[in-house]
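Keep in mind that what you see is a predicted model, and the values were worked out from it rather than measured.
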Amino acid sequence: MADATFILPKGIYGKYKAIIPLLKMDIAVSQDDPSVDIHEMSCVKGGDVKDFLDLVEAMRLFICRAEGLTTEAGGAGKVWIFHK
């Protein structure tokens, strides 16, 4: 189970795909839905959870600002749904 999930409009993930491997987290992406990409992130084993959560928040804010999106949180703050 993921520690955090981003539900992004289709096409947003592809813009940032090149930097994803540089992040210190395990990531799984589902692109099966025709309108959204589901980006599941987990803290690496033995990783610092606070650093992971800070990185998730920084990514959320960066994507919102760069793409002109807002987010709604769900799942006790572990799922962010991005929309215009």
Side-chain angles (χ1 to χ4, degrees):
M1 184 168 173
D3 295 315
T5 303
F6 286 173
I7 300 175
L8 298 160
K10 198 56 112 176
I12 301 293
Y13 171 74
K15 293 180 180 182
Y16 303 100
K17 193 162 103 173
I19 64 166
I20 299 299
L22 304 174
L23 305 174
K24 294 181 179 179
M25 61 177 69
D26 293 326
I27 299 169
V29 177
S30 172
Q31 297 178 307
D32 296 337
D33 189 290
S35 61
V36 297
D37 293 331
I38 300 171
H39 184 194
E40 297 178 313
M41 302 163 284
S42 298
C43 187
V44 294
K45 188 172 183 173
D48 185 308
V49 175
K50 184 182 178 327
D51 286 348
F52 167 78
L53 294 173
D54 288 347
L55 183 56
V56 167
E57 181 64 8
M59 287 173 48
R60 183 187 73 79
L61 292 172
F62 178 80
I63 292 170
C64 283
R65 181 150 181 122
E67 301 295 330
L69 301 173
T70 60
T71 57
E72 291 179 29
K78 294 189 173 205
V79 177
W80 289 268
I81 303 166
F82 290 72
H83 54 85
K84 292 193 180 225

Verify side-chain contact (heavy atoms from CB on, under 4.5 Å) between E67 and F82, making sure each step is shown before the conclusion. CA-CA 10 Å; E67 301 295 330; F82 290 72; over 6 Å; no
What's the verdict on side-chain contact (heavy atoms from CB on, under 4.5 Å) for V56 and W80, showing C-alpha distance, side-chain angles and the deciding distance? CA-CA 10 Å; V56 167; W80 289 268; 3.9 Å; yes
side-chain contact (heavy atoms from CB on, under 4.5 Å) between K24 and D51: does it pass, once the steps are laid out? CA-CA 9 Å; K24 294 181 179 179; D51 286 348; over 6 Å; no
Checking I7 against V79 for the side-chain contact (heavy atoms from CB on, under 4.5 Å) test, could you report, in this order, the C-alpha distance in whole Å, the side-chain angles of both residues, the deciding distance, and whether it holds? CA-CA 7 Å; I7 300 175; V79 177; 3.9 Å; yes
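Note that the NZ atom of K15 and the CD1 atom of I12 stand 4.5 Å from one another [nearest 0.5 Å]. Interatomic distance, E40 CD to I27 CD1, rounded to the nearest 0.5 Å: 11.0 Å. Distance check: D48 CG to D54 CG gives 8.5 Å after rounding to the nearest 0.5 Å. The OG1 atom of T70 lies 9.5 Å from the CZ atom of R60; values are rounded to the nearest 0.5 Å. Taking NZ of K78 as the start and CE of M41 as the end, the distance is 11.5 Å to the nearest 0.5 Å. Residue L69 holds its CG atom at 11.5 Å from CZ of F6, rounded to the nearest 0.5 Å.
With sequence neighbours left out, K10 forms a side-chain hydrogen bond (donor to acceptor under 3.5 Å, both in side chains) with D37. Partners of S42 according to the side-chain contact (heavy atoms from CB on, under 4.5 Å) rule, which considers only residues two or more places apart in sequence or in another chain, are A2, D3, D26.
In the hydrophobic cluster analysis, where Ile, Leu, Val, Met, Phe, Trp and Tyr join through side-chain heavy atoms closer than 4.5 angstrom, L53 is grouped together with L55. The hydrophobic clustering, which links ILVMFWY residues whose side-chain heavy atoms are closer than 4.5 Å, places F62 and V29 together.
In this structure, M59 and L23 have side chains that are in contact, with non-hydrogen atoms separated by less than 4.5 Å.
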